[in-house]
Structure formats: C-alpha cells, structure tokens
Amino acid sequence: MGLSTFKKRTVTCGELRKNHVGKTITLTGWVDKRRDLGGLIFIDLRDRYGKTQIVFSPERHEGAHEIAKSLRSEYVLSATGVVRARPEETRNPEVTTGEIEVDIHELTILNKSETPPFPMDDYGDVNEDLRLKYRYLDLRRPSVQNNFIMRHRAYQVTRQYFDQKGFLEIETPILMKSTPEGARDFLVPSRLHHGKFYALPQSPQTYKQILMVSGFDRYFQIVKCFRDEDLRADRQPEFTQIDVEMSFVDEEDIQQITEGAIVDIFKTILNTDVQQPFPRMTYTEAMERFGSDKPDTRFGLEIRNCSEIAQHSGFRVFSDVVKKNGIVAGINVPGLASYTRSQLDILTDYVKSLGAGGLVYLRVNADKIECSASKFITEDESNAIAKKFEAKPGDLILLISGTWQKALTILGTLRLEMAQRLNSIPEGKWNFLWVTDFPLLEFSEEEKRFVAVHHPFTAPKPEDVPLLETDPGKARARAYDLVLNGNEIAGGSIRIHTQEVQSKMFSLLGIGTEEAQRKFGFLLDAFKYGAPPHGGIAFGFDRIIMLMTGSKSIRDVIAFPKTASGMSLMDEAPSTVDVKQLDELHIKIK
RNA sequence: GGGGUCGUAGCUCAGCUUGGUUAGAGCGCCUGCCUGUCACGCAGGAGGUCGAGGGUUCGAGUCCCUUCGGCCCCGCCA
C-alpha cells in the first residue's frame with residue numbers, strides 16, 4: 001500500500017476504451033462537470049490526458065454515492081471502480097472515452113475547491129486580466145494545456161534535430177555585461193561590487209560568437225532572452241529563442257539548416273509538409289511590393305508605385321514629394337468603390353494616425369473615375385493611375401505620398417487593414433519567406449548617427465564594403481529574416497570575424513576605439529586569435545508556437561506571461577523590496 | 001511618450017445616445033425535486049462600492065474632469 005493515504009491512479013482520464021470493460025481501475029483528477037440526477041450522479045473527471053465519466057449509484061454503492069453528493073467543481077478525487085460499457089444509446093461520440101464509464105465503489109476527496117472565479121471549460125471567453133490573476137486555473141483549461149503540450153513537443157523536435165545535425169547545446173550566462181547597442185537592458189545590481197551592474201542578455205550574441213572562436217563549430221541553445229522595451233501581442237520582456245551559430249558557413253548554409261528545422265517541426269507536430277527551399281525576397285522588393293520587411297504573402301493587394309505619373313501632376317503634394325526623392329504609391333482594393341465619403345474619411349484619419357499627410361482615393365466607376373483630389377489631378381492622370389493598378393469598375397485606389405520608407409510602411413499597414421476588412425487572408429496557409437539584403441545601417445535622426453539595422457556584428461556584403469567609406473547608408477548586410485504569414489520568426493546574419501572590420505563597424509556606429517575596447521574588448525580580443533568565419537540565426541520560439549497553435553498572442557503560449565504594462569498579475573511582479581535589500585546593494589530610490 | 005478601446009452581480013454582457021421608481025439577462029452559486037445524464041432538467045433563492053476620486057445637477061451607472069487597470073496600435077524593439 002505504500003505511504004500514500006489515497007489510492008494512486010492506475011490509468012489516466014484519457015485512456016479508457018471498450019477493451020478495458022470489466023477491469024477495476026483507479027482514476028485521479030479534478031471534477032470537471034457534475035450532473036446529479038437525484039439518484040445517479042455523473043461526474044466528468046478531468047486530468048491533462050482527458051476526461052472520463054464516472055458514475056455513482058445509490059443502490060450499488062451507497063457509501064461512495066453519499067460522498068459524491070458533496071462533490072463540486074474542481075474537487076480533487078481518487079476514485080476506484082469497474083469500467084463498464086455505456087448503454088448503447090448513451091454513448092458520447094464527442095469524447096474519446098465516450099464508449100465507457102466507470103462505476104465507482106470507492107471515493108476519496110483528496111482536496112476541496114472553492115468555486116472557481118471562471119469555468120474551466122472552453123466555451124466562453126474570459127477576460128485576460130482574470131485569466132492571468134488565476135493563471136493556475138487558466139492553465140487547467142484543455143485548450144490552454146494543448147498549447148503547452150505542443151510547445152513541449154517543439155522543444156523535443158528542436159533538440160533532436162540539432163543534435164542529429166551535430167550541434168552542441170551550450171548554456172551561456174544570464175548575468176552578463178551590459179551592451180550599449182540595441183534594446184534597453186534589464187539591469188541587475190551587483191552586491192559584491194558597489195555601483196556595478198550585470199545585464200540580462202538581450203540574446204547570447206557575443207557568447208555564441210566566442211564559442212565559434214573556441215572551435216565549437218556548431219552551437220545551439222533554447223534560451224531565455226530579455227529586452228526592456230514596450231510590449232506587444234507578440235512581444236514579452238522575457239522570451240525564448242532557439243539560438244544557433246555555425247562556423248565556416250555562408251548564408252545558404254544557415255538557411256538550409258533553418259529550413260530543415262522548420263520542416264521537421266511542422267511535419268512532426270502539425271503533420272504539415274512545408275516545401276523547401278523557402279522563397280527568397282530582397283528587403284527592397286518586400287518594401288516596394290508589400291510595404292513591410294515581414295510581408296504577408298498569403299494575399300495580394302500589392303503596392304504599386306505611380307511616382308512617374310505623379311511627378312508631373314499639378315497636384316503639388318504629389319509632384320513636390322517626388323522632386324524631393326519621395327514616392328507616390330498605393331494599393332487597389334477591389335470592390336470598395338462603394339465606400340461612402342464618411343467611411344473614406346475614417347480611413348483618412350486612420351492613415352493620418354499612422355503618420356501620413358493624407359489619403360488620396362480614386363473610386364473607379366464604370367463610366368468615370370472619381371478622385372478625391374480631382375481639383376488638381378487631371379482626368380488623364382486619374383486614368384493613367386487606374387491603368388497602372390489595372391483597376392476594374394468597382395475598385396478603390398488608395399494613394400499615399402511621402403518618403404520611400406514612410407509611404408511604403410504606411411501602405412503596408414493599410415494593406416493589412418484592408419485585407420482584414422475584406423476578410424481576404426486565407427486560413428491554413430503557411431507562407432514562409434526569407435527576406436534578404438537588408439541595409440547594414442540606418443541613420444538615426446534621434447541620435448544623429450548610424451545605428452545597426454540588425455546588430456553591430458553583422459557583416460556587410462563584400463561588394464558593398466567600399467560603400468562603408470563613401471555612403472554607409474547604402475551598404476547592404478549579410479542578414480536574413482525568416483517570415484511566416486507576416487510574422488518575423490527568425491533573424492540572423494553572417495558575422496564580422498576580423499578585428500579590423502569589427503573596429504571599422506564600431507567607428508561607423510560612432511563608438512570610439514576606447515569605448516569599443518571597454519564595451520566589446522573581449523570580443524575584439526577574441527577575434528585576434530583566429531576567429532573562423534561564422535554566422536547564425538535565432539528563432540522566436542514563442543512566436544512560432546503562437547502561430548502553430550493559432551493563438552492571437554504569445555501570452556497564450558507562455559506559462560506565466562506579463563501584461564502589456566509588464567505586470568505579472570498572479571504574483572504581482574514587479575514589486576517594492578525591503579530597504580534592507582536596497583542597502584545591501586547600495587541603491588537608493590530617487 | 002502618444003493614439004484607440006474596454007471596465008456594471010462570481011463570469012459573459014445589456015442599460016449610457018436623450019440623467020428620473022427598487023440597475024437587468026444568460027451562465028455560475030445556494031436550497032429543494034429528479035435513476036441514464038453528458039454545457040442534464042424543473043422550481044425557488046441569494047448575490048451590485050456600476051474600476052476609483054472629484055465635479056455639474058433637485059437627482060449621475062448615464063454628462064464633465066482626474067486617475068487606476070486590461071487589450072490593440074504608433075514610437076521603441078541591435
């Protein structure tokens with residue numbers, strides 16, 4: 001009997017079938033539903049494996065039935081009985097255990113439960129703040145548990161895949177040196193060194209590069225990363241990456257390995273065949289066709305540039321912007337010429353909220369084209385624009401003008417918005433896409449200097465190295481992002497592996513020799529001792545699981561996530577700490 | 001830092017436009033009845049700081065201001 005005061009389970013709530021009929025078994029689990037008919041009592045007992053109907057009969061087993069009367073939602077039970085086939089007409093084909101039930105003769109209530117604040121079923125929506133406060137209850141819901149079962153399987157497939165390919169899983173520090181570039185660091189004060197701080201890693205970037213210098217050749221790690229930036233539906237302050245780095249490789253090698261991992265994960269877990277190789281698209285093309293560096297290619301509504309028509313227009317807003325190297329571009333939304341003036345006004349406000357100066361629209365009717373700027377745009381110009389978009393009667397053309405970056409980005413957002421309104425984003429498609437040839441640097445107006453688009457260790461394209469001297473903004477990077485249905489799910493690059501180029505990069509970023517030595521000296525030093533050419537990638541693991549489970553937010557695939565304001569509602573982190581703790585750290589709150 | 005949206009019973013929501021009896025519904029909960037239910041059924045009952053604070057008014061869930069919190073977006077996120 002052992003030390004237990006209750007009967008341990010002999011089966012789970014998900015496994016009993018017809019062939020178990022006649023066996024005496026013990027189940028443990030939670031009361032999911034209670035159906036007390038006055039005489040017979042039916043209980044759906046739930047554990048993570050499923051649900052099983054157990055029956056209490058006042059005639060057959062009076063003692064157990066008497067106890068069962070007091071059962072309520074979420075009570076924890078150990079129940080022993082005999083598996084029976086259900087009478088033919090009472091079988092439940094909806095449930096995997098629906099052919100049988102268990103006639104209970106021995107019942108132990110292992111624990112009672114207060115009435116839960118929300119039901120543990122998957123029928124109704126529950127407000128997210130409540131779900132997060134009672135996360136332990138939310139995590140009991142089968143639909144939520146399924147997300148974590150899938151997540152678990154993805155860990156296993158990932159480890160197996162990279163192991164088979166000869167990768168070594170090596171842990172890197174969580175307490176590391178703060179780095180100046182990139183996202184804001186979470187800081188951890190050092191008690192032993194007054195006034196000094198560790199940082200939590202934004203990613204193990206420098207460590208994995210140093211592992212390459214050490215000769216580990218193929219490294220991977222499923223690792224937590226931390227960024228102290230504002231949150232989004234797909235962004236949490238702590239998140240999980242599949243971090244990968246390889247030596248003696250080029251872009252193609254990394255992409256092939258990456259694709260293989262994705263193919264494996266999707267095949268094993270979703271039984272979905274993903275075709276290799278994934279399509280490639282340059283950053284420039286992605287921007288000009290989709291207005292995004294992570295284009296959703298599941299639907300059309302592609303952007304077209306009509307600057308050459310607009311540049312000679314009497315409409316100064318258009319002609320001026322083209323003169324100043326800007327563009328006029330738009331999308332053609334089929335069938336929406338029926339939009340009313342007020343609907344279009346709302347749309348105009350929407351693009352203005354995204355930073356557009358305004359919105360010019362053309363309603364394409366059978367007989368004529370109505371243009372919102374017809375005072376300034378001639379009929380010929382309207383017709384030319386309509387022709388450019390291959391517009392048919394009933395179409396609505398939406399035009400935005402501005403700098404290349406801004407106009408296209410706004411159109412990219414507008415394109416997604418219109419696709420959602422038209423309900424034209426197909427379900428069940430898995431459109432993977434490599435976006436390549438990103439710019440290496442971009443000029444930050446705020447900081448009045450160049451900043452790295454990817455990170456400061458990304459190598460420039462060899463043919464663009466001369467540009468670093470003449471026109472750094474034009475240089476392209478050996479960087480690549482993996483996009484799935486409009487979501488960035490991985491990003492990587494071939495790294496700089498020589499001390500000279502890395503120093504050059506730091507100086508372009510406005511980081512002086514002395515500062516570079518102070519902040520990244522360990523990496524520059526390492527590069528002096530035979531650093532192999534290397535590159536890598538990091539997958540946004542939570543995002544991949546989010547997409548695979550059809551979740552709307554990565555919160556649904558993270559066991560204990562934080563709210564949009566970075567709060568953990570269950571344990572109320574962050575919280576104040578004792579003055580004594582602060583004193584030890586020599587910290588005073590301003 | 002900015003914009004949008006939501007906050008009313010344990011839960012999900014209606015009521016707010018146009019201020020006016022005792023603030024409603026469904027589910028859940030409690031009690032009773034019920035021996036083949038399976039989101040059981042029937043009958044009855046309890047349950048409200050209308051997020052908080054202030055203001056306007058004879059009177060505020062409803063109008064105004066401030067504030068807190070959830071969610072979404074922009075900025076930010078190498």
Side-chain angles (χ1 to χ4, degrees), chain A residues 32-44 51-60 65 72-73 84 86-95 97-98 101 103 114-134 137 179-185 202-203 205-206 225-237 239 346 349-356 406 409-410 413 416-417 438 440-442 444-446 450-458 477 479 488 491-493 505 509 511 520 538 540 552-553 555 562-565 567 569:
Chain A
D32 192 66
K33 267 287 186 288
R34 164 177 73 110
R35 291 180 294 278
D36 184 345
L37 271 53
L40 286 175
I41 297 173
F42 296 97
I43 300 285
D44 291 334
K51 292 172 189 172
T52 298
Q53 173 166 289
I54 58 178
V55 191
F56 297 90
S57 158
E59 286 131 18
R60 289 190 298 272
H65 180 266
R72 295 294 182 270
S73 289
R84 303 194 313 189
R86 293 197 200 179
E88 189 72 47
E89 64 282 3
T90 66
R91 287 181 189 157
N92 187 346
E94 308 281 307
V95 189
T97 59
E101 62 192 7
D103 186 37
E114 289 188 14
T115 302
F118 54 86
M120 249 94 281
D121 60 34
D122 289 325
Y123 293 108
D125 283 343
V126 180
N127 270 338
E128 195 161 354
D129 47 353
L130 204 71
R131 292 177 52 197
L132 291 179
K133 183 176 177 193
Y134 298 96
L137 297 180
T179 52
E181 293 289 299
R184 199 174 290 113
D185 281 328
Q202 299 170 26
S203 86
Q205 184 62 35
T206 49
C225 302
F226 306 85
R227 293 176 192 175
D228 188 6
E229 298 291 349
D230 287 359
L231 289 75
R232 288 286 188 281
D234 62 352
R235 269 165 39 191
Q236 284 272 305
F239 60 99
I346 290 168
D349 288 343
Y350 175 68
V351 296
K352 280 182 177 169
S353 78
L354 298 173
K406 195 168 188 180
T409 303
I410 291 164
T413 308
L416 289 174
E417 169 70 20
F438 282 86
L440 183 69
L441 303 162
E442 90 189 310
S444 164
E445 290 299 335
E446 196 181 322
F450 280 108
V451 294
V453 169
H454 190 54
H455 57 53
F457 316 108
T458 298
E488 182 195 329
S493 64
M505 187 69 176
L509 295 173
I511 303 172
F520 294 110
K552 288 201 173 68
S553 154
R555 290 187 298 276
K562 292 170 181 60
T563 68
S565 68
M567 295 268 296
L569 295 181

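Numbered from 1 within each chain, the chains take letters A, B, ... in sequence-line order.
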I want to check something: taking the side chain as every heavy atom from C-beta on, are [X] and [Y] in contact at a cut-off of under 4.5 Å?
X        : Y        : value
A:Leu569 : A:Thr563 : yes
A:Met505 : A:Ile511 : no
A:Lys133 : A:Pro117 : no
A:Ile346 : A:Tyr350 : no
A:Asp185 : A:Thr179 : yes
A:Gln236 : A:Leu231 : yes
A:Ile54  : A:Asp44  : no
A:Gln53  : A:Ile43  : no

Got a donor-acceptor pair under 3.5 Å from the side chain of A:Arg184 to the base of B:G75?
-> no
Below 3.5 Å, does any donor atom in the side chain of A:Asp44 face an acceptor in the base of B:C38, or the other way round?
-> no
Applying a 3.5 Å limit to both distances, which nucleotide forms a Watson-Crick or G-U wobble pair with [N]?
N     : value
B:G44 : B:C30
B:G24 : B:C13
B:U62 : none

Base, sugar-phosphate or nothing for [X]? Non-hydrogen atoms, less than 4.0 Å.
X        : value
A:Glu89  : nothing
A:Pro87  : base
A:Pro58  : base
A:Val453 : sugar-phosphate
A:Gln53  : base
A:Asp121 : nothing
A:Glu101 : base
A:Thr563 : sugar-phosphate
A:Thr179 : nothing
A:Arg131 : nothing
A:Asp36  : base
A:Leu231 : nothing
A:Asp230 : base

Using OP1 and OP2 only, check whether a side-chain N or O of [X] sits under 4.0 Å from [N].
X        : N     : answer
A:Arg235 : B:C72 : no
A:Arg35  : B:C40 : yes
A:Arg86  : B:U37 : no
A:Arg72  : B:G28 : no

From the set [options], return the single nucleotide nearest to any side-chain atom of [X].
X        : options             : value
A:Thr90  : B:C29, B:C77, B:U37 : B:U37
A:Ser553 : B:G75, B:G36, B:C72 : B:C72
A:Arg34  : B:G36, B:C77, B:C30 : B:C30
A:Asn127 : B:U12, B:G36, B:C40 : B:U12
A:Arg232 : B:U12, B:G70, B:C73 : B:C73
A:Arg60  : B:C38, B:G36, B:C72 : B:G36
A:Thr115 : B:G36, B:C29, B:C38 : B:C29
A:Lys33  : B:C76, B:C71, B:A39 : B:A39

Relative to the 5' end of RNA chain B, which residue comes earlier, A:Phe457 or A:Met567, by the nucleotide with the nearest heavy atom?
->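 Its nearest nucleotide being more 5', the pick is A:Met567.
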Nearest nucleotide by nearest heavy atom, which residue falls closer to the 5' end of RNA chain B, A:Ser203 or A:Leu37?
-> A:Leu37
What integer number of Å spans the [atom1] atoms of [N] and [M]?
N     : M     : atom1 : answer
B:C11 : B:G59 : C1'   : 32 Å
B:G3  : B:G55 : P     : 26 Å
B:C64 : B:C40 : P     : 44 Å
B:C63 : B:G26 : P     : 27 Å
B:A39 : B:G51 : C1'   : 31 Å
B:G54 : B:G75 : P     : 39 Å
B:G44 : B:U56 : C1'   : 44 Å
B:G61 : B:U22 : P     : 12 Å

Could you check whether A:Phe42 and the base of B:U37 form a stacked pair, meaning centres closer than 5.5 Å and planes differing by less than 30°?
-> yes
Provide, to the nearest angstrom, the distance between the [atom1] atom belonging to [X] and the [atom2] atom belonging to [N].
X        : N     : atom1 : atom2 : answer
A:Arg84  : B:U37 : CZ    : P     : 14 Å
A:Glu417 : B:C74 : CD    : C1'   : 14 Å
A:Gln236 : B:C76 : CD    : C1'   : 16 Å
A:Lys133 : B:G70 : NZ    : P     : 13 Å
A:His65  : B:C34 : NE2   : C1'   : 11 Å
A:Leu132 : B:C11 : CG    : C1'   : 16 Å
A:Glu445 : B:C76 : CD    : C1'   : 16 Å
A:Leu137 : B:C11 : CG    : P     : 13 Å

Would you say the ring centroid of A:Phe520 lies under 6.0 angstrom from that of A:Phe457?
-> yes
Step-by-step side chain to side chain contact (heavy atoms under 4.5 Å, CB included) determination, A:Phe42 to A:Lys33 = CA-CA 8 Å; A:Phe42 296 97; A:Lys33 267 287 186 288; over 6 Å; no
